[in-house]
Amino acid sequence: CPAAPGAYGHPPRPATAGVYVPVSTPSSGTVNLYAEEYGRGRPILMVHGLAASTYTWRNVVPTLARKNRVITLDMKGFGRSDKPFDRAYSSHDHADLIVAFIRKTRLRDVTLIGHSYGGAVSLLVAEKLRRDGDRRIRNMIIMNAPAFPQKPTPFVSFMGTPVLPYAVMSLIPPELTAWASLEPENVLRASFNDIQAYAKPYWQASARHALISTARQIVPEDLDDILSGYRMLRQPTLIVWCDRDKTVPIKTGRRLARTLPNARLTVIKGCFHAPQDEQPAALLRRIKPFINRR
């Protein structure tokens, strides 16, 4: 799900203009992924959740960019990235494109940060690179990610119904789609400006198709193989969770911390699913020392 919009203003201006990076994979062909870059130093690559975009990181990028090169990325079908009318929107399709992006931009010694669905995709990215013997990922921060099987949210369940999501999303204002993708506890805290920012892509039929297609393939067919690969991911990993998360319960974070060989869990109290929006200061206090340690 996207971050619950907060009242922290608009995203900072990139140190360099946003760019489109063409990357290719066998399943997706060539796709232009939109990325923004801030600051200098060791690279951080940030991956958003379902129905979100680079906008989700607006509250934490300025601080992280003081000492690091921060790259925020729109996954295929989201934000400003290409949104082809195809079926290549599985977790593997998204992960393969991110792997291609990392290699195309020659990133190394990377801190990979993924939130929610983007966290699950980030784990898959790390696994694909590991299988190739490619050690580009230095460490990871995984936030509120559906890393294990769980009951789908009402939003994901609705997206999985035949025909109806296409019909409904073509008739209702995109702001309602963005609003519906939030946790109920966060809806009343969402500012209209932020809802508009998340909703803007969904004026395009291609964006609606991408969201529906991704949601329908959110559980990989080879999930058991992916889960077994977790124990081979030896990068230092900080797992960040909200104690009130109902989208992905905290038991998932605890299980992930037990499964990854070099991981620890930190819990932020009083937030639901999106600490980068709900409690960015608390999130930064936890992740900055982890990112910058030698």
Side-chain angles (χ1 to χ4, degrees), residues 2-3 5-6 8-21 23 32-49 52-76 78-81 94-95 97-119 121-123 125-126 129 135-145 194 197-198 235-240 266 268 274-294:
Y8 296 91
H10 295 286
R13 179 172 297 177
T16 57
V19 296
Y20 287 91
V21 179
V23 295
N32 292 301
L33 296 182
Y34 177 78
E36 293 179 351
E37 184 172 328
Y38 311 80
R40 297 180 180 179
R42 185 184 294 129
I44 299 171
L45 179 62
M46 310 185 82
V47 183
H48 62 79
S53 66
T54 58
Y55 188 81
T56 195
W57 304 113
R58 66 197 180 282
N59 297 326
V60 297
V61 162
T63 297
L64 294 178
R66 292 172 187 167
K67 293 185 178 180
N68 295 93
R69 176 187 177 195
V70 180
I71 301 163
T72 60
L73 179 69
D74 281 337
M75 287 193 285
K76 173 189 173 182
F78 296 93
R80 302 183 192 181
S81 289
H94 287 298
L97 285 166
I98 294 172
V99 168
F101 176 88
I102 290 171
R103 289 173 172 162
K104 180 73 174 286
T105 54
R106 299 180 180 179
L107 294 177
R108 295 186 180 278
D109 203 25
V110 179
T111 294
L112 182 60
I113 302 180
H115 171 249
S116 194
Y117 177 63
V121 171
S122 294
L123 288 166
V125 167
L129 288 170
R135 300 182 178 181
R136 294 172 188 264
I137 306 301
R138 178 178 186 265
N139 53 20
M140 295 188 290
I141 298 173
I142 305 298
M143 301 164 49
N144 298 79
D194 289 328
Y198 282 116
Q235 293 97 335
T237 303
L238 181 65
I239 299 168
V240 181
T266 182
I268 299 178
Q276 71 272 24
D277 260 307
E278 300 168 47
Q279 295 195 35
L283 175 63
L284 287 166
R285 284 196 299 270
R286 287 161 171 79
I287 68 175
K288 283 197 304 179
F290 176 81
I291 292 170
N292 293 322
R293 71 180 183 178
R294 297 294 178 181

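Nothing here was measured: the structure is a model prediction, and the numbers come from that model. When reading the values below, keep in mind they use all heavy atoms of this one structure, side chains included, and skip hydrogens, waters and symmetry mates.
One distance of note links CG of L123 with CD of Q235; it measures 9.5 Å at 0.5 Å rounding. To the nearest 0.5 Å, atom OG1 of residue T266 and atom CD1 of residue I287 are 10.5 Å apart.
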**OP:** Go through the steps to decide whether Y20 and R80 satisfy the test side chain to side chain contact (heavy atoms under 4.5 Å, CB included), and finish with yes or no.
**Re:** CA-CA 9 Å; Y20 287 91; R80 302 183 192 181; 3.5 Å; yes
**OP:** Apply side chain to side chain contact (heavy atoms under 4.5 Å, CB included) to the pair W57 and I113, showing each step before the final yes or no.
**Re:** CA-CA 11 Å; W57 304 113; I113 302 180; 4.1 Å; yes
Original post:
Yes or no on side chain to side chain contact (heavy atoms under 4.5 Å, CB included) for V70 and E36, after CA distance, side-chain angles and deciding distance?
Top reply: CA-CA 8 Å; V70 180; E36 293 179 351; over 6 Å; no
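Ring pair F78/H94 is tilted by interplanar angle, where 30° to 60° counts as tilted.
Not a single donor-acceptor pair under 3.5 Å links the side chain of Q279 to the backbone N or O of P275. Remark: the backbone N or O of D74 is paired with a side-chain donor or acceptor of S81 at under 3.5 angstrom. Side-chain atoms of R286 come within 3.5 Å of backbone N or O of A282 as a donor-acceptor pair.
Among all heavy-atom pairs drawn from P43 and R108, the shortest one is CG-O, 3.2 Å.
Taking the side chain as every heavy atom from C-beta outward, L107 and R69 approach each other to under 4.5 Å.
Here R42 pairs with D109 under the salt bridge (charged side-chain N to carboxylate O under 4.0 Å, His left out) rule; sequence neighbours left out.
In this model, no donor atom of one side chain and acceptor atom of the other lie less than 3.5 Å apart for S116 and N144.
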